[in-house]
Enquirer: 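Would you mind keeping the following structure in view while I ask a few things?
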Amino acid sequence: MFCLSLRSNTFHSASSGTLVRINSPPIHFNSPTMPFQSTEPHHEAYMSLTKGLKELNFEDPSVPCDLLLTGDQAFPLAMNSQGQVLMAVSLYGSGRIVVLSHETYLYLFPTLVENALTWLTGDGSNNQVGVQQNLKAVADRLNKSKFQVKVVGDFSNNLGVGVYVTDAYSVGKDPKDLVAFLKAGGGVLIAGQAWNWAANHPKENVIIDFPGNKVSSVAGIYFSDIYGQTEILPVYPQIPSSWKALRVGKDFRGDLEFLLKGISELNIAKGFVASEVLVHGPLSFPVGTTEDGRTFLAGAYYGKGRVVVVSHEGQLKIETMAPFWNNAINWLDENRKGVIGVSPDLDQAFTLYRKSGFNCTKTTFRKDLSVFVCTAYTEENEKEIQDFVAEGGGLLIGGHAWWWAYTHPNPMTDFSGNKILNKMGLSLLEKTIEEGSYKVPDLTQSKSHFCYLLRRVAAHVIKGEALTKYEEQSLKKLGSDCASYLQIKACDCYSYALVVSTLTDILKKSGISQVNEKTPAKNPRDHFLLSVVTEVFRACPHPDAVLPYLIKENVEMPVVNNKRIKINVNTAGNEEWISTGLYLFSGMKTYMICPAEITNKGWTIQIGCQTDFLDAEELCRAPCVCEEFSVSTDVMQVCNLWGGLLYLVAPPNTKVESVEVIVQTAVLAPYYKFGETTAADWLLLRTAPSPWAELEFENIILTVPSEAVRDLDRPDEVAAHWNKVMRAIADLAAIPHKFPRKERFVTDVQISHGWMHSGYPIMAFRSVAKDLLRVQDMWGPIHELGHNQQRGCWEFPPHTTECTCNLWSVYVHEEVLGINRAQAHSHLTVAERTTRIEKYVRRGRDLNKWDVWVALETYLQLQERFGWDAFKKVFAAYHTMSNVPGDNNGKMNLYAETFSQTVQLNLCGFFKAWGWPIEASTEQKLSNLPPWTDHPLVKYG
């Protein structure tokens, strides 16, 4: 039960939970394996299987093989000091499977075998065990146990057993009945090694063709051709894990040779914007990559089947890609000559493949297909498609996630395509790849693989092994890939937990640099660590244990308890941050009590104001320092590694009045709210200990470092200035003085692009903070506020993108600040303007050169002749327009018409003089108006 004592809000030193300076505890890496933080079912299975065992002695002349784990349910039972898995466990469907890496282990470890049979029987309703006849000696031993054992031949459906025991060589050519038995709830104990078989079948594909893999692979466990090192292994109290277990599961040269036969280049067609593909599974591999290593086409093995993904569905129908699709479909079909099912929404792809001679049919998903072709947007049959591939089918899937990500928070977990692909070791990212042709990749590319590189980084940090130049150059991308991968949040999956524990060990061993603008992270290693640390902290099962290694020094801060935050909100079509005036320091946890009015209604809690994600060569802070939590329960605990100001975020079109949120413990921030904070309140609040301060005025909120407000005596004067500025911005935009959502300005040590950029919030470097408070040097801030007023209906990108926003800069400087345009910016002196016009005319009035300051001149000439009121009326007219053209030509003609009607002059000649594509129909519409014959460009002919 959670209980709050509602006391008054007072400053006091935290009696608990406050971070102080901490000396990092020593790190020990003596154990060859580290425990996997398993989910309860996995842990219970592990404990059942190892019951009564203290060690497993593998020092037998028999040479095992390394077992490769890929399934989301697979986990190791025994792992040697090299990270090789010698015994593994998994689930498939309703059934269970235990895999041993040599058949002699069925004799060497009788206690483990009995434990395995007990676990495999599940509820124990059927304790009959069928033992394949090649293992009669195992049956003889088991006859003395509690199980009813019978020696049988190959598996068949009429055996009536609950568990089937076999070696990995005697499962039959197509053991689909045994797979169906497992899926339906049966238990399978299978043992063997694949290295000897591989030596005798050098042209065969071990992953697909080794007999045992035709059963165990559906559950994500593969026998490999790699020798396993034998030793005496202790039985750990937790599922064993080691960074050394990270490995690439196959040499993909043969697959790439097949897929790329006759192909020299792969292209993303003109007009397509593809997603980047994250290739993270040990049996997944890049096929098409950009020159800097980003993947847009990839393949993978999954269970007994295969998958190919292309990161734009339009590519599936491109004629120039037909030779590749021929190879890909044949690779997926595996010489079955089966039916290729093509989703009905891929009509052109169906025609293309049929033209190539494939036996195609338009269909939704069916289990009897050989290959299924679909888009990544399908939201049906997710599990059935995964099982289809696991049991031997082929999947060709195309689509991108970047567009979906615009309106959804986590494409890694929630995007439909990733719900299918994540388990297959592939994920579609919101990062984009533009059109272009790319050479086929180097066939020996395992050293660029996610698993290989992460293992090498772990060896570098933990064991001191040197990285190659290529590996060092790959660290930045690896850091970004790891951060993306961790967003899958598959905490109950061993392969995911292995990455988390590996990255945790790396961070604990190395720590992270305390970077700032004076000492940014420049070297690849520091860049990598800063890129992953936020997501590792989020994903780590025990973040408190990791925190001292990540944030080594924190100054003790006084806190307030049980702070009540009143909420009155009426949002329009956008979400809105609600400031609380509270701050959480690094790693600080607090509880929040949320009323029913905002619980499960789309509200979130946000910690941190710096929402920019950084993708830069040098980092002055971690790329991601903001944390967000959905308000899903009435009592929530929240925390952010980096700390930050605390916000409630209201969803669009939400109205809430007079409700309260209670924050258990937090640090008070300097927070001034116009109309509510008194002068006496401010004198105390400006000294509040938070490093971030906020000033909230009528229509704008400024978030600045607290040092900028410590000596601010009269925030009411700053408010008065900003209130005038924002009303002026509203006047020019022809909107009400009360903004539907207050603008926000956040100053930061580093931002995602530019010196400032627009958005919600507008971001700027923190050196701008003092100017914001003095309301001086305002061109840049008003420029960004102008960006936020731009509307697509009267914008002509790219020409006016950095132009029309400056109308607000000129207007505010002249109408509010009393500064003439020539003094407001050096580009607006008379000499500069004249030179610019003459140069534009001299070069042929090329519309391609009509942008930024040149384009602004057009609007300034209109303003100087017709005044600001004309612009206000034009903008007002657009507020009620519908069916506005989508292309620049159409929009420019509409603007010429609208401005002409507003000022009751025919302006076609003026706009044509500037090179605008004025159409005859527009001239005809305006022919009844007198022409503007003395416009400024007349003198240039």
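These numbers were taken from a predicted model, which means no experiment stands behind them.
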Enquirer: Look only at the side chain of S94 and the backbone of G185, and say whether a donor-acceptor pair between them is shorter than 3.5 Å.
Expert: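 Between the backbone of G185 and the side chain of S94 there is no qualifying donor-acceptor contact (under 3.5 Å).
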Enquirer: Determine, for E265 against K439, whether the closest basic-nitrogen to carboxylate-oxygen distance falls under 4.0 angstrom.
Expert: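 K439 and E265: not salt-bridged.
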Enquirer: Would you mind reporting whether D72 and S495 have side-chain heavy atoms less than 4.5 Å apart?
Expert: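 No; the side chains remain at least 4.5 Å from each other.
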Enquirer: So do the side chains of T375 and D345 get within less than 4.5 Å of each other, counting heavy atoms only?
Expert: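 Yes, side chains in contact.
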Enquirer: Quick check: closest heavy atoms across A168 and P211, and the distance to 0.1 Å?
Expert: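 Nearest pair, atom of A168 first, then P211: O-CB, 3.3 Å.
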Enquirer: Counting only N and O atoms by type, is there a donor-acceptor contact under 3.5 Å from the side chain of W119 to the main-chain atoms of I97?
Expert: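 Here the side-chain-to-backbone pair does not exist.
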Enquirer: Taking the six-membered ring where the residue is Trp, are the ring centres of F388 and F372 under 6.0 Å apart?
Expert: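 No; F372 has its ring centre 6.0 Å or more from that of F388.
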Enquirer: With the side chain counted from C-beta on, respond yes when S343 and V373 share a heavy-atom pair under 4.5 Å apart, and no when they do not.
Expert: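 Of all side-chain heavy-atom pairs linking V373 with S343, none is under 4.5 Å.
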Enquirer: For residues E380 and I385, report the shortest heavy-atom separation together with the two atoms involved.
Expert: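 Shortest heavy-atom separation between E380 and I385 comes out as O-CD1, 4.1 Å.
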Enquirer: Does any N or O in the side chain of T378 come within less than 3.5 Å of the main-chain N or O of C374, such that one atom is a donor and the other an acceptor?
Expert: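 No, the answer is negative, given that no donor and acceptor are paired below the 3.5 Å cut-off.
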Enquirer: Between Q193 and Y105, does the side chain to side chain donor-acceptor pair (under 3.5 Å) criterion hold? Intermediate values first, please.
Expert: CA-CA 11 Å; Q193 48 77 22; Y105 298 159; over 6 Å; no
Enquirer: Checking Q348 side chain against T351 main chain: does a donor-acceptor pair fall under 3.5 Å?
Expert: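 Checked: no pair found.
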Enquirer: Under 4.0 Å between a side-chain nitrogen and a carboxylate oxygen: does that hold for D347 and K317?
Expert: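 A salt bridge is absent here (no side-chain N lies under 4.0 Å from a carboxylate O).
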Enquirer: Tell me, yes or no, whether the heavy-atom count around R354 atom CZ, taken from other residues, nucleotides or ligands under 6.0 Å, exceeds 12.
Expert: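 No.
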Enquirer: Side chain of N126, backbone of G160: donor and acceptor closer than 3.5 Å?
Expert: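 Confirmed, N126 side chain pairs with G160 backbone.
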Enquirer: Do the non-hydrogen side-chain atoms of K214 and V179 ever get within less than 4.5 Å of each other?
Expert: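 The answer is no; the side chains never approach within 4.5 Å.
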Enquirer: Just by modelled atom types, is the F358 backbone N or O under 3.5 Å from a matching donor or acceptor in the S356 side chain?
Expert: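 The answer is no, because no donor-acceptor pair under 3.5 Å joins these two groups.
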Enquirer: Judged by modelled atom types alone, do D167 and S170 share a side-chain donor-acceptor pair under 3.5 Å?
Expert: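 Yes - a donor-acceptor pair under 3.5 Å links their side chains.
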Enquirer: Less than 4.0 Å between a side-chain N and a carboxylate O, is that true for D333 and K337?
Expert: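 No, K337 and D333 are not salt-bridged.
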Enquirer: State which residue, out of N267, I263, L352, fulfils the side-chain contact (heavy atoms from CB on, under 4.5 Å) condition with M321.
Expert: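 Between M321 and the candidates, side-chain contact (heavy atoms from CB on, under 4.5 Å) is satisfied uniquely by N267.
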Enquirer: Should the ring pair Y169 and F210 be called parallel, tilted or perpendicular, given that the plane angle runs from 0 to 90° and is split at 30 and 60?
Expert: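 Rings of Y169 and F210: perpendicular, over 60°.
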Enquirer: Determine the interplanar angle of the Y377 and F415 rings, folded into 0 to 90°, and report it as parallel if under 30°, tilted if 30 to 60°, perpendicular if over 60°.
Expert: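 Rings of Y377 and F415: perpendicular, as their planes differ by over 60°.
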Enquirer: Which heavy-atom pair separates I318 from A269 by the least distance, and what is that distance?
Expert: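 Looks like CD1-CB, 4.0 Å.
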Enquirer: Pick out which of F252, F324, Y301, W325 makes a ring pair (Phe, Tyr, Trp, His ring centres under 6.0 Å) with W331.
Expert: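 Per the ring pair (Phe, Tyr, Trp, His ring centres under 6.0 Å) rule, the option paired with W331 is Y301, out of F252, F324, Y301, W325.
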Enquirer: Measuring from atom NZ of K476 to atom OG of S531, what distance do you get when rounded to the nearest 0.5 angstrom?
Expert: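 With rounding to 0.5 Å, NZ (K476) is 8.0 Å from OG (S531).
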Enquirer: Fit a plane to each ring of Y406 and W402, take the angle between them on a 0 to 90° scale, and name the class: parallel (under 30°), tilted (30 to 60°) or perpendicular (over 60°).
Expert: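 Rings of Y406 and W402: perpendicular, as their planes differ by over 60°.
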Enquirer: Distance alone, cut at 3.5 Å: any donor-acceptor contact between the side chains of H280 and S427?
Expert: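 Yes.
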Enquirer: We want to know whether S224 and D66 form a side-chain donor-acceptor pair, criterion being a heavy-atom distance below 3.5 angstrom.
Expert: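 Judged by distance alone, the side chains do not pair up.
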Enquirer: Looking only at non-hydrogen atoms, find the nearest pair between V206 and A198 and report the distance.
Expert: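 Closest approach of V206 to A198, heavy atoms only: CG2-CB, 3.7 Å.
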Enquirer: State whether the side chain of E334 and the backbone N or O of R336 hold a donor-acceptor pair below 3.5 Å, judged by distance alone.
Expert: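 Here the side-chain-to-backbone pair does not exist.
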Enquirer: Is there a donor-acceptor pair under 3.5 Å between the side chain of N422 and the backbone N or O of T413?
Expert: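 Answer holds: no.
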Enquirer: Dump the intermediate steps for salt bridge (charged side-chain N to carboxylate O under 4.0 Å, His left out) on E471 and R456, then the final yes or no.
Expert: CA-CA 8 Å; E471 289 165 352; R456 289 290 300 127; 3.0 Å; yes
Enquirer: With the side chain counted from C-beta on, respond yes when L49 and V98 share a heavy-atom pair under 4.5 Å apart, and no when they do not.
Expert: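 When only atoms from C-beta onward are counted, V98 and L49 do touch, with a gap below 4.5 Å.
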Enquirer: Compare every heavy atom of G399 with every heavy atom of A376, then report the nearest pair and how far apart it is.
Expert: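 Nearest heavy atoms, A376 then G399: CB-CA, 3.8 Å.
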Enquirer: Show your reasoning for whether salt bridge (charged side-chain N to carboxylate O under 4.0 Å, His left out) applies to E391 and K183.
Expert: CA-CA 10 Å; E391 292 169 25; K183 188 176 183 179; 3.0 Å; yes
Enquirer: I'd like to know whether the aromatic ring centres of Y46 and F75 sit less than 6.0 Å apart in this structure.
Expert: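 Ring-ring flag for Y46/F75: false, centres at least 6.0 Å apart.
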Enquirer: How far apart are the closest heavy atoms of A328 and L259, and which atoms are they?
Expert: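 For A328 and L259, the tightest heavy-atom pair comes out as CA-CD2, 3.6 Å.
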Enquirer: Does the N418 side chain pair with the main chain of D414, one donor and one acceptor, at a distance under 3.5 Å?
Expert: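 Judged by distance alone, no pair lies under 3.5 Å.
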Enquirer: Quick one: are L283 and Y302 in side-chain contact, heavy atoms under 4.5 Å?
Expert: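 No, too far: nothing below the 4.5 Å cut-off.
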Enquirer: I'd like to know if the side chain of S311 and the backbone of A274 have a donor-acceptor N/O pair within less than 3.5 Å.
Expert: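 Checking the backbone N and O of A274 against the side chain of S311, no donor-acceptor pair under 3.5 Å is found.
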Enquirer: Please test D255 against R253 for salt bridge (charged side-chain N to carboxylate O under 4.0 Å, His left out), starting from the C-alpha separation and ending with a verdict.
Expert: CA-CA 5 Å; D255 302 289; R253 276 180 292 187; over 6 Å; no
Enquirer: Considering only heavy atoms from C-beta outward, does the side chain of D209 approach that of W197 to under 4.5 Å?
Expert: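 Yes, at least one pair of side-chain atoms sits under 4.5 Å.
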Enquirer: Give the C-alpha distance, both sets of side-chain angles, the deciding distance and a yes or no for side chain to side chain contact (heavy atoms under 4.5 Å, CB included) between I239 and V89.
Expert: CA-CA 11 Å; I239 296 171; V89 183; over 6 Å; no
Enquirer: Can you tell if the side chain of V279 reaches within under 4.5 Å of the side chain of S284, non-hydrogen atoms only?
Expert: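 Contact flag for V279/S284 side chains = yes.
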Enquirer: Indicate the ring-plane relationship of F155 and F181, choosing parallel, tilted or perpendicular according to the 30° and 60° boundaries.
Expert: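 If you compare the ring of F155 with that of F181, the planes turn out tilted.
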Enquirer: Take atom CD in E384; do more than 12 heavy atoms of anything else shown fall under 6.0 Å from it?
Expert: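 Yes, the 6.0 Å shell around CD holds more than 12 heavy atoms from other groups.
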Enquirer: Checking H42 against Q73: is there a side-chain donor and acceptor pair closer than 3.5 Å?
Expert: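 On atom types as modelled, these side chains qualify, holding a pair under 3.5 Å.
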Enquirer: Does K355 form a salt bridge (charged side-chain N to carboxylate O under 4.0 Å, His left out) with E319? I'd like the steps, not just the answer.
Expert: CA-CA 11 Å; K355 184 178 174 182; E319 189 86 36; 3.5 Å; yes
